[in-house]
There are 2 protein chains.
Amino acid sequence: MDAELRLSPLEFTSTTDRVCTELRRLIVTGTLAPGQALNEKSVAQQLGVSRSPVREAFQRLVTERLLLAERNKSVTVKEFTDADIQEIYDARIAIETHAARRIIDAGAAAVTRTTERLESALTELRTQLDEGDRLAVARADLAFHQALVECGGNSRLVAAYELLSAETVTCMAWLENVKPSGDELMQDHRDFVDALQTHDPDQITSVISAHLSLAESNLAASTPAERASRQSAVVPQR
Amino acid sequence: MDAELRLSPLEFTSTTDRVCTELRRLIVTGTLAPGQALNEKSVAQQLGVSRSPVREAFQRLVTERLLLAERNKSVTVKEFTDADIQEIYDARIAIETHAARRIIDAGAAAVTRTTERLESALTELRTQLDEGDRLAVARADLAFHQALVECGGNSRLVAAYELLSAETVTCMAWLENVKPSGDELMQDHRDFVDALQTHDPDQITSVISAHLSLAESNLAASTPAERASRQSAVVPQR
DNA sequence: ATGTTACATGTTGTCGACAATCATGTTGCA
DNA sequence: TGCAACATGATTGTCGACAACATGTAACAT
């Protein structure tokens with residue numbers, strides 16, 4: 001009967017999921033300004049859905065720390081202080097160093113496998129650097145680090161790290177990051193990979209700490225990016 | 001005028017918050033069985049609220065990994081496998097060791113302050129041990145570790161650790177934990193505090209790893225707790 | 001007896017509406 | 001002119017209703 005036409009897996013995604021994804025995108029790309037209040041009705045109308053899924057998406061994004069909720073007040077896009085940036089990078093150090101140690105503990109094969117993934121992430125980073133899109137570079141950078149954490153094999157730490165990644169990108173989107181040159185950035189990540197291959201936990205730990213501390217100070221030293229251009233496209237309705 | 005009756009700070013908590021708190025309590029105490037399906041209407045009726053706040057609470061608890069959601073299916077209470085337990089304790093090691101290192105980095109004053117908090121947590125643990133309530137002991141144990149993480153000063157890691165704590169308690173509530181004797185447990189935590197006072201990062205790191213690895217194997221070796229008694233009090237409506 | 005179809009029931013996903021709360025601007029009065 | 005009280009409008013919190021979906025049961029055909 002149905003021998004020939006083998007159909008696709010066919011995947012549905014809930015409305016809440018899509019709202020969530022879209023809002024997350026708008027936040028991490030900086031399209032929605034920090035501190036920006038999000039009107040439920042307005043967001044719902046512009047996305048063409050009702051308020052229920054929007055509210056549920058808000059709930060999720062609040063626990064993801066991208067939105068801030070206060071009773072009887074509109075949720076607002078989270079604003080990041082210097083202290084936040086410090087915390088984010090500190091937490092990233094905690095998770096990355098742990099992942100690296102676990103990978104080394106797991107033996108040479110695990111290190112090799114990780115190295116391959118990191119190399120491929122590096123290639124992507126180089127591509128994006130040549131491309132020139134600031135945010136795409138930031139995402140490729142983060143993808144590199146995320147690959148390391150994933151190789152650590154702890155899904156809970158991966159989840160925690162994803163939240164930190166989203167926060168990091170959000171910060172970068174709103175601060176004119178005093179980025180090192182592309183070559184410097186690449187070299188810095190190469191050192192990272194090399195350190196992993198020494199199989200020395202303390203070595204890789206100090207390299208990670210140094211790498212992230214540097215990135216943190218680069219970010220903290222940045223100035224707020226003016227962007228009257230892409231003014232919040234999802235709220236003005238007043 | 002209003003000199004005499006000075007009123008309270010007066011705090012309101014949203015319905016969603018209360019639903020969330022109540023469900024969390026039922027889950028971590030094991031009143032709700034792992035795998036148990038939660039009917040929205042039934043839960044709403046029994047809590048005396050409508051489905052909206054219940055659904056929003058579900059959203060939060062899903063991101064807290066206490067509930068599991070599937071499209072067009074009832075959310076279910078998360079079930080934990082041995083792999084989960086392994087992950088949870090591994091993640092706890094990552095966060096606790098990092099916190100300890102940061103506390104030591106912060107200097108002698110920070111270590112002293114931390115020690116005081118840990119001592120007070122130990123006193124509470126002793127009290128609960130004498131009391132004899134298994135779950136209360138587990139909570140006191142977790143409170144000790146949580147105090148350490150809080151002293152680390154990174155609110156994001158504290159938040160991540162709270163999720164892990166809740167998962168840990170849930171596991172303990174459902175497994176007949178082969179607990180060491182009260183004295184052993186106390187001594188183990190005392191060693192923990194002593195290690196911190198050496199101000200040696202590697203020392204405290206290995207003690208934490210050993211402590212949590214031991215706790216993990218105790219938990220993993222446990223047998224599922226039969227509890228026909230306190231059968232799920234919030235769902236039967238059929 | 002077995003497998004399939006159609007139906008019946010219950011549950012989730014989504015929506016619009018109402019009540020409670022908050023923000024704002026205006027009026028009244030000292 | 002300044003402050004307080006009020007009126008007004010908008011926004012959130014909560015609710016009940018309906019549609020879409022999934023599951024279990026009965027009828028039917030092979």
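Lettering of chains follows the sequences in order, A, B, ..., and the numbering in each one begins at 1.
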- What do you reckon, are the aromatic ring centroids of B:His98 and A:His98 less than 6.0 Å apart? no
- Distance, rounded to the nearest Å, where B:Gln45 contributes CD and C:dG10 contributes C1': 13 Å
Please produce a list of atom pairs where a protein N or O lies less than 3.5 Å from an N or O of nucleotides 14-16 of chain D.
from   : atom 1 : to      : atom 2 : distance (Å)
D:dT14 : OP1    : B:Thr15 : N      : 3.3
D:dT14 : OP1    : B:Thr15 : OG1    : 2.0
D:dC15 : OP2    : B:Ser50 : N      : 2.6
D:dC15 : OP2    : B:Ser50 : OG     : 3.4
D:dC15 : N4     : B:Ser52 : OG     : 3.3

- Note on the structure: B:Glu40 CD to D:dA22 P, in whole Å, measures 15 Å
- Message: Within 45 degrees of the ring normal and closer than 6.0 Å to the centroid, is that where the cationic atom of A:Arg92 sits relative to A:Tyr89?
- Response: yes
- Message: Using whole Å, what does the distance between atom P of nucleotide C:dT12 and atom CD of B:Gln59 come to?
- Response: 13 Å
- Show your reasoning for whether side-chain hydrogen bond (donor to acceptor under 3.5 Å, both in side chains) applies to B:Glu87 and A:Ser155. CA-CA 8 Å; B:Glu87 266 201 9; A:Ser155 70; 2.8 Å; yes
- Item | Polar side chain donor-acceptor pair, B:Gln146 to B:Glu150, under 3.5 angstrom | no
- Message: Rounded to whole Å, how long is the line connecting atom CG of A:Asn72 with atom C1' of D:dG13?
- Response: 7 Å
- Quick one: A:Glu70 CD to C:dA23 C1', roughly how many Å, whole number? 14 Å
- Euclidean distance, atom CZ of residue B:Phe58 to atom C1' of C:dT11 [Å, nearest integer]: 12 Å
- Item | Atom-pair distance (NZ on A:Lys41; P on C:dT21), nearest Å | 20 Å
- Query: For B:Tyr161, which of B:Ile95, B:Thr168, B:Leu148 qualifies under side chain to side chain contact (heavy atoms under 4.5 Å, CB included)?
  - Reply: B:Ile95
- Item | Listed nucleotide nearest any side-chain atom of B:Lys73, set D:dT11, C:dT11, D:dT23 | D:dT23
- Item | Those residues that, when tested against B:Arg113, pass salt bridge (Lys or Arg N to Asp or Glu O under 4.0 Å) (two or more places apart) | none
